[in-house]
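By convention in this document, chain letters (A, B, ...) are assigned in the order of the sequence lines, proteins followed by strands, and residues within each chain are numbered from 1.
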Amino acid sequence: MRNLIIFIRRYFTFFLFLVLLIFCLSLVFRRNNYQRASFVNSANGISGYFFRKYANVQYYFHLRTVNDSLVAQNAQLLNQLPGDYPAADTSSFKHLDTAGKRTYLYMPAQVINNSVNTPMNYLTLYRGSAEGVEEGMGVLGPQGIVGIVRKVSPHYAVVMSLLHKDMRISAKLVNTGNFGSVKWDVAHPDPHYGVLTDIPKNVTLHLGDSVVTSGYSAIFPPGILIGFVDRVSEMSASNFHRIRIRFATHFQSLQFVYVVKNFNAEEQHQLETAMPHE
Amino acid sequence: MSDLLKNIIRFILLILLQVFVLDKVVLHGYATPYLYMIFVLLLPFSMPRWGLMVVAVLLGLCLDMFTDTPGMHAAACLVIAYCRPFVINILSPQGGFETVKRTPSVGAMGWVPFMTYSVILVLIHHIVYFSLEVFDFHNLFFLLLKILLSAVASLVLILIYEMLFAPRSR
(Lines give C-alpha, C1' and ligand atoms only; values in the text may rest on other atoms or scores of the structure.)
Protein backbone atom coordinates (compact mmCIF):
# COMPACT_ATOMS: atom_id res chain seq x y z
CA MET A 1 0.00 0.00 0.00
CA ARG A 2 2.79 2.36 0.92
CA ASN A 3 4.60 1.52 -2.29
CA LEU A 4 1.47 2.38 -4.20
CA ILE A 5 1.27 5.80 -2.58
CA ILE A 6 4.96 6.42 -3.27
CA PHE A 7 4.39 5.36 -6.88
CA ILE A 8 1.46 7.71 -7.29
CA ARG A 9 3.37 10.62 -5.78
CA ARG A 10 6.34 10.03 -8.10
CA TYR A 11 4.20 10.08 -11.18
CA PHE A 12 1.59 12.48 -9.87
CA THR A 13 1.82 14.80 -12.85
CA PHE A 14 1.33 11.99 -15.30
CA PHE A 15 -1.66 10.63 -13.44
CA LEU A 16 -3.20 14.07 -13.27
CA PHE A 17 -2.66 14.35 -16.99
CA LEU A 18 -4.40 11.02 -17.55
CA VAL A 19 -7.33 11.95 -15.34
CA LEU A 20 -7.86 15.28 -17.06
CA LEU A 21 -7.43 13.70 -20.48
CA ILE A 22 -10.05 11.05 -19.72
CA PHE A 23 -12.38 13.79 -18.54
CA CYS A 24 -11.93 15.80 -21.76
CA LEU A 25 -12.26 12.78 -24.00
CA SER A 26 -15.37 11.65 -22.20
CA LEU A 27 -16.87 15.03 -22.97
CA VAL A 28 -15.96 14.61 -26.61
CA PHE A 29 -17.36 11.12 -26.96
CA ARG A 30 -20.59 11.81 -25.16
CA ARG A 31 -21.48 14.73 -27.37
CA ASN A 32 -24.72 13.19 -28.46
CA ASN A 33 -26.06 12.78 -24.95
CA TYR A 34 -27.15 16.21 -24.13
CA GLN A 35 -27.93 15.77 -20.46
CA ARG A 36 -24.29 15.12 -19.71
CA ALA A 37 -22.78 17.56 -22.18
CA SER A 38 -25.28 20.28 -21.41
CA PHE A 39 -22.93 22.24 -19.21
CA VAL A 40 -20.63 22.83 -22.12
CA ASN A 41 -23.51 23.55 -24.45
CA SER A 42 -23.44 26.99 -25.96
CA ALA A 43 -27.17 27.37 -25.41
CA ASN A 44 -26.52 28.38 -21.86
CA GLY A 45 -26.83 31.76 -20.22
CA ILE A 46 -23.21 32.92 -20.19
CA SER A 47 -22.16 32.45 -23.76
CA GLY A 48 -25.68 33.25 -24.94
CA TYR A 49 -25.39 36.62 -23.25
CA PHE A 50 -22.14 37.46 -25.04
CA PHE A 51 -23.42 36.25 -28.37
CA ARG A 52 -26.55 38.37 -28.00
CA LYS A 53 -24.54 41.50 -27.37
CA TYR A 54 -22.28 40.86 -30.34
CA ALA A 55 -25.19 39.96 -32.59
CA ASN A 56 -26.94 43.21 -31.75
CA VAL A 57 -23.93 45.10 -33.03
CA GLN A 58 -23.72 42.98 -36.15
CA TYR A 59 -27.47 43.29 -36.75
CA TYR A 60 -27.16 47.01 -37.26
CA PHE A 61 -24.62 46.55 -40.04
CA HIS A 62 -26.84 44.13 -41.90
CA LEU A 63 -30.06 46.11 -41.81
CA ARG A 64 -30.05 46.93 -45.49
CA THR A 65 -29.63 43.37 -46.76
CA VAL A 66 -32.11 42.01 -44.23
CA ASN A 67 -34.67 44.56 -45.33
CA ASP A 68 -34.17 43.74 -48.98
CA SER A 69 -34.56 40.01 -48.47
CA LEU A 70 -37.62 40.55 -46.26
CA VAL A 71 -39.28 42.67 -48.92
CA ALA A 72 -38.59 39.99 -51.50
CA GLN A 73 -39.97 37.29 -49.28
CA ASN A 74 -43.07 39.33 -48.49
CA ALA A 75 -43.71 39.74 -52.17
CA GLN A 76 -43.37 36.05 -52.73
CA LEU A 77 -45.76 35.24 -49.89
CA LEU A 78 -48.30 37.83 -51.00
CA ASN A 79 -48.29 36.17 -54.37
CA GLN A 80 -49.32 32.92 -52.80
CA LEU A 81 -52.45 34.20 -51.12
CA PRO A 82 -55.58 32.38 -52.28
CA GLY A 83 -57.23 35.76 -52.70
CA ASP A 84 -54.97 36.26 -55.70
CA TYR A 85 -56.98 33.73 -57.60
CA PRO A 86 -60.57 34.84 -57.18
CA ALA A 87 -63.11 32.32 -58.37
CA ALA A 88 -66.14 33.38 -60.28
CA ASP A 89 -68.61 31.23 -58.42
CA THR A 90 -68.75 30.23 -54.78
CA SER A 91 -69.10 26.62 -53.71
CA SER A 92 -72.58 25.36 -53.51
CA PHE A 93 -72.17 22.77 -50.78
CA LYS A 94 -71.01 22.86 -47.18
CA HIS A 95 -67.68 21.23 -46.75
CA LEU A 96 -66.60 20.13 -43.28
CA ASP A 97 -62.82 19.76 -43.41
CA THR A 98 -61.22 18.95 -40.10
CA ALA A 99 -57.81 19.03 -41.75
CA GLY A 100 -58.53 22.64 -42.63
CA LYS A 101 -57.11 23.86 -39.34
CA ARG A 102 -53.65 25.32 -39.44
CA THR A 103 -50.88 22.83 -40.16
CA TYR A 104 -47.79 25.05 -40.17
CA LEU A 105 -46.86 27.90 -37.89
CA TYR A 106 -43.81 30.06 -38.61
CA MET A 107 -42.00 31.66 -35.67
CA PRO A 108 -39.31 34.23 -36.43
CA ALA A 109 -36.06 34.01 -34.47
CA GLN A 110 -32.82 35.97 -34.45
CA VAL A 111 -29.57 34.19 -35.24
CA ILE A 112 -26.98 35.09 -32.61
CA ASN A 113 -24.24 32.62 -33.52
CA ASN A 114 -23.35 30.87 -36.73
CA SER A 115 -20.48 28.92 -38.21
CA VAL A 116 -19.74 27.70 -41.71
CA ASN A 117 -16.17 26.46 -41.56
CA THR A 118 -16.19 23.31 -39.41
CA PRO A 119 -17.37 19.80 -40.35
CA MET A 120 -20.30 20.18 -37.95
CA ASN A 121 -21.83 23.62 -38.07
CA TYR A 122 -24.52 24.87 -35.73
CA LEU A 123 -26.52 28.07 -35.37
CA THR A 124 -27.72 29.51 -32.08
CA LEU A 125 -31.11 31.24 -32.03
CA TYR A 126 -32.41 33.70 -29.47
CA ARG A 127 -35.72 31.91 -29.05
CA GLY A 128 -36.23 28.85 -26.89
CA SER A 129 -38.71 26.52 -25.33
CA ALA A 130 -40.38 29.34 -23.41
CA GLU A 131 -41.29 30.87 -26.75
CA GLY A 132 -42.49 27.70 -28.44
CA VAL A 133 -39.38 26.17 -30.04
CA GLU A 134 -39.04 22.40 -29.66
CA GLU A 135 -36.38 19.92 -30.60
CA GLY A 136 -36.80 18.51 -34.10
CA MET A 137 -38.50 21.54 -35.63
CA GLY A 138 -37.40 22.67 -39.06
CA VAL A 139 -35.74 26.04 -39.59
CA LEU A 140 -35.88 28.06 -42.78
CA GLY A 141 -34.46 31.42 -43.75
CA PRO A 142 -35.47 34.19 -46.13
CA GLN A 143 -33.94 32.41 -49.11
CA GLY A 144 -34.49 28.76 -48.31
CA ILE A 145 -33.89 25.96 -45.89
CA VAL A 146 -31.45 26.34 -42.99
CA GLY A 147 -31.53 23.32 -40.69
CA ILE A 148 -33.21 21.43 -37.85
CA VAL A 149 -33.43 22.35 -34.17
CA ARG A 150 -31.26 20.04 -32.06
CA LYS A 151 -31.14 21.34 -28.49
CA VAL A 152 -33.41 23.77 -26.70
CA SER A 153 -33.06 25.69 -23.45
CA PRO A 154 -35.64 28.12 -22.08
CA HIS A 155 -34.47 31.08 -24.17
CA TYR A 156 -32.03 29.69 -26.74
CA ALA A 157 -31.98 26.96 -29.32
CA VAL A 158 -29.12 25.27 -31.14
CA VAL A 159 -29.87 24.38 -34.75
CA MET A 160 -27.97 21.76 -36.76
CA SER A 161 -27.22 23.66 -39.94
CA LEU A 162 -27.51 22.17 -43.43
CA LEU A 163 -23.70 22.45 -43.45
CA HIS A 164 -23.27 19.42 -41.18
CA LYS A 165 -21.84 16.05 -42.05
CA ASP A 166 -24.84 14.19 -40.59
CA MET A 167 -27.58 16.29 -42.13
CA ARG A 168 -29.96 14.71 -44.66
CA ILE A 169 -32.96 16.50 -46.13
CA SER A 170 -35.63 14.75 -48.14
CA ALA A 171 -35.77 16.70 -51.39
CA LYS A 172 -37.68 16.80 -54.65
CA LEU A 173 -36.85 18.06 -58.12
CA VAL A 174 -39.57 20.50 -59.07
CA ASN A 175 -39.54 19.81 -62.79
CA THR A 176 -39.77 16.04 -62.74
CA GLY A 177 -41.07 15.26 -59.26
CA ASN A 178 -38.29 12.76 -58.49
CA PHE A 179 -37.37 12.65 -54.85
CA GLY A 180 -33.92 12.19 -53.40
CA SER A 181 -31.75 13.21 -50.48
CA VAL A 182 -29.68 16.36 -50.04
CA LYS A 183 -26.55 16.33 -47.91
CA TRP A 184 -23.37 18.39 -47.53
CA ASP A 185 -20.07 17.14 -48.91
CA VAL A 186 -17.68 17.20 -45.94
CA ALA A 187 -14.69 16.05 -47.98
CA HIS A 188 -14.78 19.31 -49.97
CA PRO A 189 -16.38 21.73 -47.54
CA ASP A 190 -17.92 24.71 -49.28
CA PRO A 191 -20.73 26.67 -47.64
CA HIS A 192 -22.40 27.26 -51.02
CA TYR A 193 -22.70 23.74 -52.42
CA GLY A 194 -24.27 20.44 -51.46
CA VAL A 195 -24.96 17.08 -53.06
CA LEU A 196 -28.28 15.62 -54.25
CA THR A 197 -28.33 11.83 -54.33
CA ASP A 198 -30.76 9.05 -55.31
CA ILE A 199 -31.89 10.60 -58.60
CA PRO A 200 -31.79 7.80 -61.20
CA LYS A 201 -29.87 8.28 -64.39
CA ASN A 202 -32.85 8.13 -66.69
CA VAL A 203 -34.04 11.52 -65.39
CA THR A 204 -33.03 14.48 -67.55
CA LEU A 205 -31.78 17.48 -65.59
CA HIS A 206 -31.08 21.05 -66.60
CA LEU A 207 -28.69 23.41 -64.86
CA GLY A 208 -30.63 25.75 -62.64
CA ASP A 209 -33.47 23.36 -61.91
CA SER A 210 -34.95 24.02 -58.50
CA VAL A 211 -34.66 21.51 -55.70
CA VAL A 212 -37.27 21.86 -52.95
CA THR A 213 -38.29 19.96 -49.84
CA SER A 214 -40.52 17.02 -50.57
CA GLY A 215 -42.56 17.37 -47.41
CA TYR A 216 -42.19 13.65 -46.68
CA SER A 217 -40.41 14.09 -43.38
CA ALA A 218 -42.97 16.28 -41.57
CA ILE A 219 -40.09 18.47 -40.41
CA PHE A 220 -40.38 20.90 -43.31
CA PRO A 221 -43.44 21.97 -45.28
CA PRO A 222 -43.29 20.83 -48.90
CA GLY A 223 -42.00 23.20 -51.51
CA ILE A 224 -39.38 25.07 -49.45
CA LEU A 225 -36.45 25.93 -51.68
CA ILE A 226 -33.20 24.07 -50.93
CA GLY A 227 -31.11 25.03 -53.94
CA PHE A 228 -30.49 24.89 -57.68
CA VAL A 229 -28.82 22.22 -59.77
CA ASP A 230 -25.26 23.37 -60.40
CA ARG A 231 -23.38 20.48 -61.95
CA VAL A 232 -24.11 16.90 -62.89
CA SER A 233 -21.11 14.59 -62.78
CA GLU A 234 -20.74 11.31 -64.53
CA MET A 235 -20.54 8.38 -62.16
CA SER A 236 -20.63 5.40 -64.41
CA ALA A 237 -20.44 2.85 -61.61
CA SER A 238 -23.93 3.51 -60.30
CA ASN A 239 -27.44 3.97 -61.59
CA PHE A 240 -27.78 7.39 -60.02
CA HIS A 241 -26.66 10.87 -60.92
CA ARG A 242 -24.23 12.70 -58.69
CA ILE A 243 -25.64 16.19 -58.67
CA ARG A 244 -24.03 19.22 -57.10
CA ILE A 245 -26.54 21.83 -56.01
CA ARG A 246 -25.97 25.42 -55.09
CA PHE A 247 -27.77 26.21 -51.82
CA ALA A 248 -30.35 28.96 -52.03
CA THR A 249 -29.60 30.13 -48.50
CA HIS A 250 -26.59 32.38 -47.92
CA PHE A 251 -25.36 30.78 -44.71
CA GLN A 252 -22.65 33.31 -44.08
CA SER A 253 -25.06 36.22 -43.77
CA LEU A 254 -28.04 34.77 -41.89
CA GLN A 255 -29.60 37.22 -39.46
CA PHE A 256 -33.19 36.02 -39.06
CA VAL A 257 -34.77 32.62 -39.56
CA TYR A 258 -38.23 31.10 -39.17
CA VAL A 259 -38.81 28.03 -37.01
CA VAL A 260 -41.65 25.90 -38.38
CA LYS A 261 -44.05 24.02 -36.17
CA ASN A 262 -45.94 21.24 -37.88
CA PHE A 263 -49.06 20.42 -35.88
CA ASN A 264 -49.51 17.13 -37.70
CA ALA A 265 -45.92 15.98 -37.20
CA GLU A 266 -46.54 13.78 -34.17
CA GLU A 267 -49.48 12.04 -35.72
CA GLN A 268 -47.59 11.36 -38.93
CA HIS A 269 -44.51 10.21 -37.04
CA GLN A 270 -46.46 7.83 -34.82
CA LEU A 271 -48.14 6.27 -37.82
CA GLU A 272 -44.88 5.86 -39.71
CA THR A 273 -42.93 4.33 -36.84
CA ALA A 274 -45.74 1.83 -36.24
CA MET A 275 -44.84 0.21 -39.56
CA PRO A 276 -42.06 -2.43 -39.42
CA HIS A 277 -38.78 -1.12 -40.83
CA GLU A 278 -35.55 -2.94 -41.41
CA MET B 1 0.64 44.76 -12.60
CA SER B 2 0.92 41.44 -10.89
CA ASP B 3 1.39 38.30 -12.86
CA LEU B 4 -1.93 36.83 -11.79
CA LEU B 5 -3.94 39.87 -12.86
CA LYS B 6 -2.10 40.07 -16.14
CA ASN B 7 -2.80 36.45 -16.84
CA ILE B 8 -6.47 36.73 -15.97
CA ILE B 9 -6.93 39.69 -18.31
CA ARG B 10 -4.99 37.87 -21.02
CA PHE B 11 -7.22 34.80 -20.56
CA ILE B 12 -10.45 36.77 -21.00
CA LEU B 13 -9.24 38.91 -23.89
CA LEU B 14 -7.79 35.98 -25.82
CA ILE B 15 -11.00 33.98 -25.55
CA LEU B 16 -13.15 36.91 -26.63
CA LEU B 17 -10.82 37.67 -29.52
CA GLN B 18 -10.80 34.05 -30.62
CA VAL B 19 -14.56 33.60 -30.49
CA PHE B 20 -15.70 36.87 -32.00
CA VAL B 21 -12.98 37.63 -34.52
CA LEU B 22 -10.73 34.72 -35.38
CA ASP B 23 -13.30 31.96 -35.61
CA LYS B 24 -14.98 33.80 -38.47
CA VAL B 25 -11.77 33.92 -40.49
CA VAL B 26 -11.49 30.97 -42.85
CA LEU B 27 -8.50 30.70 -45.16
CA HIS B 28 -9.21 28.97 -48.47
CA GLY B 29 -12.08 27.11 -46.88
CA TYR B 30 -9.88 24.93 -44.70
CA ALA B 31 -7.82 26.74 -42.13
CA THR B 32 -8.86 28.74 -39.07
CA PRO B 33 -6.24 30.56 -37.02
CA TYR B 34 -6.18 29.78 -33.31
CA LEU B 35 -4.51 32.37 -31.12
CA TYR B 36 -5.96 31.50 -27.73
CA MET B 37 -3.45 28.75 -26.89
CA ILE B 38 -0.71 31.33 -26.72
CA PHE B 39 -2.03 31.72 -23.17
CA VAL B 40 -0.59 28.28 -22.37
CA LEU B 41 2.66 29.14 -24.14
CA LEU B 42 3.11 32.28 -22.07
CA LEU B 43 2.37 30.95 -18.59
CA PRO B 44 5.21 31.64 -16.12
CA PHE B 45 8.19 29.31 -15.95
CA SER B 46 7.69 28.91 -12.24
CA MET B 47 4.15 27.58 -12.45
CA PRO B 48 3.88 23.98 -11.18
CA ARG B 49 3.09 21.31 -13.76
CA TRP B 50 -0.25 20.43 -12.27
CA GLY B 51 -1.20 24.11 -12.33
CA LEU B 52 -0.33 24.35 -16.01
CA MET B 53 -2.60 21.44 -16.85
CA VAL B 54 -5.55 22.62 -14.78
CA VAL B 55 -5.38 26.12 -16.23
CA ALA B 56 -5.09 24.72 -19.75
CA VAL B 57 -8.19 22.57 -19.27
CA LEU B 58 -10.09 25.62 -17.99
CA LEU B 59 -9.01 27.64 -21.02
CA GLY B 60 -10.09 24.86 -23.36
CA LEU B 61 -13.43 24.39 -21.61
CA CYS B 62 -14.21 28.11 -21.83
CA LEU B 63 -13.61 28.07 -25.53
CA ASP B 64 -15.65 24.88 -25.90
CA MET B 65 -18.61 26.59 -24.28
CA PHE B 66 -18.68 29.07 -27.13
CA THR B 67 -17.99 26.77 -30.02
CA ASP B 68 -20.20 23.76 -29.22
CA THR B 69 -17.24 21.39 -29.25
CA PRO B 70 -17.37 19.70 -25.85
CA GLY B 71 -13.92 18.79 -24.63
CA MET B 72 -11.98 19.10 -27.89
CA HIS B 73 -10.19 22.35 -27.20
CA ALA B 74 -9.75 21.26 -23.59
CA ALA B 75 -8.01 18.04 -24.64
CA ALA B 76 -5.73 19.85 -27.09
CA CYS B 77 -4.69 22.50 -24.55
CA LEU B 78 -4.15 19.81 -21.92
CA VAL B 79 -1.75 17.92 -24.17
CA ILE B 80 0.32 21.00 -24.89
CA ALA B 81 0.39 21.94 -21.21
CA TYR B 82 1.73 18.48 -20.43
CA CYS B 83 4.38 18.67 -23.17
CA ARG B 84 5.43 22.23 -22.39
CA PRO B 85 8.00 21.43 -19.68
CA PHE B 86 9.63 18.79 -21.89
CA VAL B 87 10.00 21.21 -24.76
CA ILE B 88 11.35 23.97 -22.53
CA ASN B 89 13.89 21.56 -21.02
CA ILE B 90 15.10 20.54 -24.44
CA LEU B 91 15.46 24.11 -25.59
CA SER B 92 16.98 25.64 -22.49
CA PRO B 93 20.73 26.17 -22.18
CA GLN B 94 22.80 24.44 -19.50
CA GLY B 95 21.90 26.50 -16.49
CA GLY B 96 18.24 26.94 -17.30
CA PHE B 97 16.86 30.21 -18.55
CA GLU B 98 17.56 33.39 -16.66
CA THR B 99 14.89 33.51 -14.03
CA VAL B 100 14.72 37.27 -14.25
CA LYS B 101 12.24 36.93 -17.09
CA ARG B 102 9.28 35.15 -15.63
CA THR B 103 7.57 33.91 -18.76
CA PRO B 104 8.76 32.38 -22.00
CA SER B 105 9.11 35.09 -24.57
CA VAL B 106 11.52 36.33 -27.17
CA GLY B 107 13.31 38.38 -24.51
CA ALA B 108 13.85 35.36 -22.26
CA MET B 109 14.79 32.81 -24.88
CA GLY B 110 15.87 34.55 -28.04
CA TRP B 111 14.09 34.30 -31.38
CA VAL B 112 15.05 30.85 -32.56
CA PRO B 113 14.30 28.90 -29.37
CA PHE B 114 11.04 30.72 -28.93
CA MET B 115 9.90 30.05 -32.47
CA THR B 116 10.90 26.40 -32.17
CA TYR B 117 8.96 26.15 -28.92
CA SER B 118 5.91 27.76 -30.53
CA VAL B 119 6.04 25.66 -33.66
CA ILE B 120 6.25 22.39 -31.74
CA LEU B 121 3.46 23.21 -29.32
CA VAL B 122 1.18 24.72 -31.97
CA LEU B 123 1.61 21.67 -34.19
CA ILE B 124 0.83 19.30 -31.33
CA HIS B 125 -2.24 21.35 -30.40
CA HIS B 126 -3.56 21.41 -33.95
CA ILE B 127 -2.93 17.71 -34.52
CA VAL B 128 -4.86 16.79 -31.38
CA TYR B 129 -7.67 19.25 -32.02
CA PHE B 130 -8.27 18.50 -35.68
CA SER B 131 -8.00 14.75 -35.21
CA LEU B 132 -10.67 14.90 -32.55
CA GLU B 133 -12.81 17.28 -34.58
CA VAL B 134 -12.86 15.34 -37.80
CA PHE B 135 -12.23 11.84 -36.39
CA ASP B 136 -12.23 10.43 -39.89
CA PHE B 137 -8.89 9.22 -41.12
CA HIS B 138 -10.05 8.26 -44.60
CA ASN B 139 -9.28 11.68 -46.00
CA LEU B 140 -5.89 11.85 -44.31
CA PHE B 141 -4.63 14.32 -46.91
CA PHE B 142 -7.32 16.89 -46.11
CA LEU B 143 -6.72 16.45 -42.40
CA LEU B 144 -3.00 17.11 -42.81
CA LEU B 145 -3.70 20.07 -45.08
CA LYS B 146 -6.06 21.55 -42.49
CA ILE B 147 -3.54 21.03 -39.71
CA LEU B 148 -0.68 22.60 -41.64
CA LEU B 149 -2.58 25.59 -42.96
CA SER B 150 -4.13 26.37 -39.59
CA ALA B 151 -0.76 25.96 -37.87
CA VAL B 152 0.82 28.41 -40.30
CA ALA B 153 -1.96 30.93 -39.72
CA SER B 154 -1.77 30.54 -35.94
CA LEU B 155 2.02 30.89 -35.97
CA VAL B 156 1.83 34.10 -37.97
CA LEU B 157 -0.58 35.50 -35.39
CA ILE B 158 1.66 34.36 -32.52
CA LEU B 159 4.63 36.05 -34.17
CA ILE B 160 2.67 39.30 -34.47
CA TYR B 161 1.53 39.00 -30.85
CA GLU B 162 5.09 38.53 -29.65
CA MET B 163 6.34 41.49 -31.62
CA LEU B 164 3.55 43.71 -30.33
CA PHE B 165 3.21 42.70 -26.71
CA ALA B 166 6.54 41.35 -25.56
CA PRO B 167 9.18 44.03 -25.17
CA ARG B 168 12.50 42.61 -26.22
CA SER B 169 14.66 43.75 -23.40
CA ARG B 170 13.44 44.62 -19.98
* **NZ/NE/NH1/NH2 to OD/OE distance under 4.0 Å, A:Glu134 and A:Lys261** => yes
* **B:His126 versus B:Ser154, side-chain donor and acceptor atoms under 3.5 Å** => yes
* Contact part of B:Val25 toward chain A, heavy-atom cut-off under 4.5 Å: side chain, backbone, both or neither? -> backbone
* To do: Please look at B:Phe142 and chain A and tell me whether the side chain, the backbone, both or neither of the residue comes under 4.5 angstrom of a heavy atom of that chain.
  => side chain
Return a table of donor-acceptor pairs under 3.5 angstrom between the side chains of residues 37-47 of chain B and protein atoms on other chains or two or more places apart.
none

* Asked: Can we call the ring centroids of B:His125 and B:Tyr36 under 6.0 Å apart?
  -> yes
* Asked: Is chain B contacted by the side chain of A:Ser115, its backbone, both, or neither, given a heavy-atom distance below 4.5 Å?
  -> neither
* Asked: Which of parallel (below 30°), tilted (30 to 60°) and perpendicular (above 60°) describes A:Phe50 and B:Phe66?
  -> tilted
* To do: Side chain from CB out, backbone as N, CA, C, O: work out which of these in B:Val79 comes under 4.5 Å of a heavy atom of chain A, or both, or neither.
  => both
* To do: Measure A:Phe14 against the heavy atoms of chain B and call it side chain, backbone, both or neither at under 4.5 Å.
  => both
* Asked: Would A:His164 and A:Tyr122 count as a side chain to side chain contact (heavy atoms under 4.5 Å, CB included) if you check the C-alpha gap in whole Å, the side-chain angles of each, and the deciding distance to 0.1 Å?
  -> CA-CA 8 Å; A:His164 191 290; A:Tyr122 297 95; 3.0 Å; yes
* Asked: What heavy-atom pair brings A:Trp184 and A:Asn121 nearest, and what distance separates the two atoms?
  -> CH2-ND2, 3.7 Å
* For A:Leu16, is it the side chain, the backbone, both or neither that has a heavy atom under 4.5 Å from a heavy atom of chain B? -> both
* Between B:His73 and B:Asp64: side-chain donor-acceptor atoms closer than 3.5 Å -> yes
* Could you name the residues of residues 48-56 of chain B that have a heavy atom within less than 4.5 Å of a heavy atom in chain A? -> B:Arg49, B:Trp50, B:Met53, B:Val54
* Asked: What do you reckon, are the aromatic ring centroids of A:Phe247 and A:Phe228 less than 6.0 Å apart?
  -> no
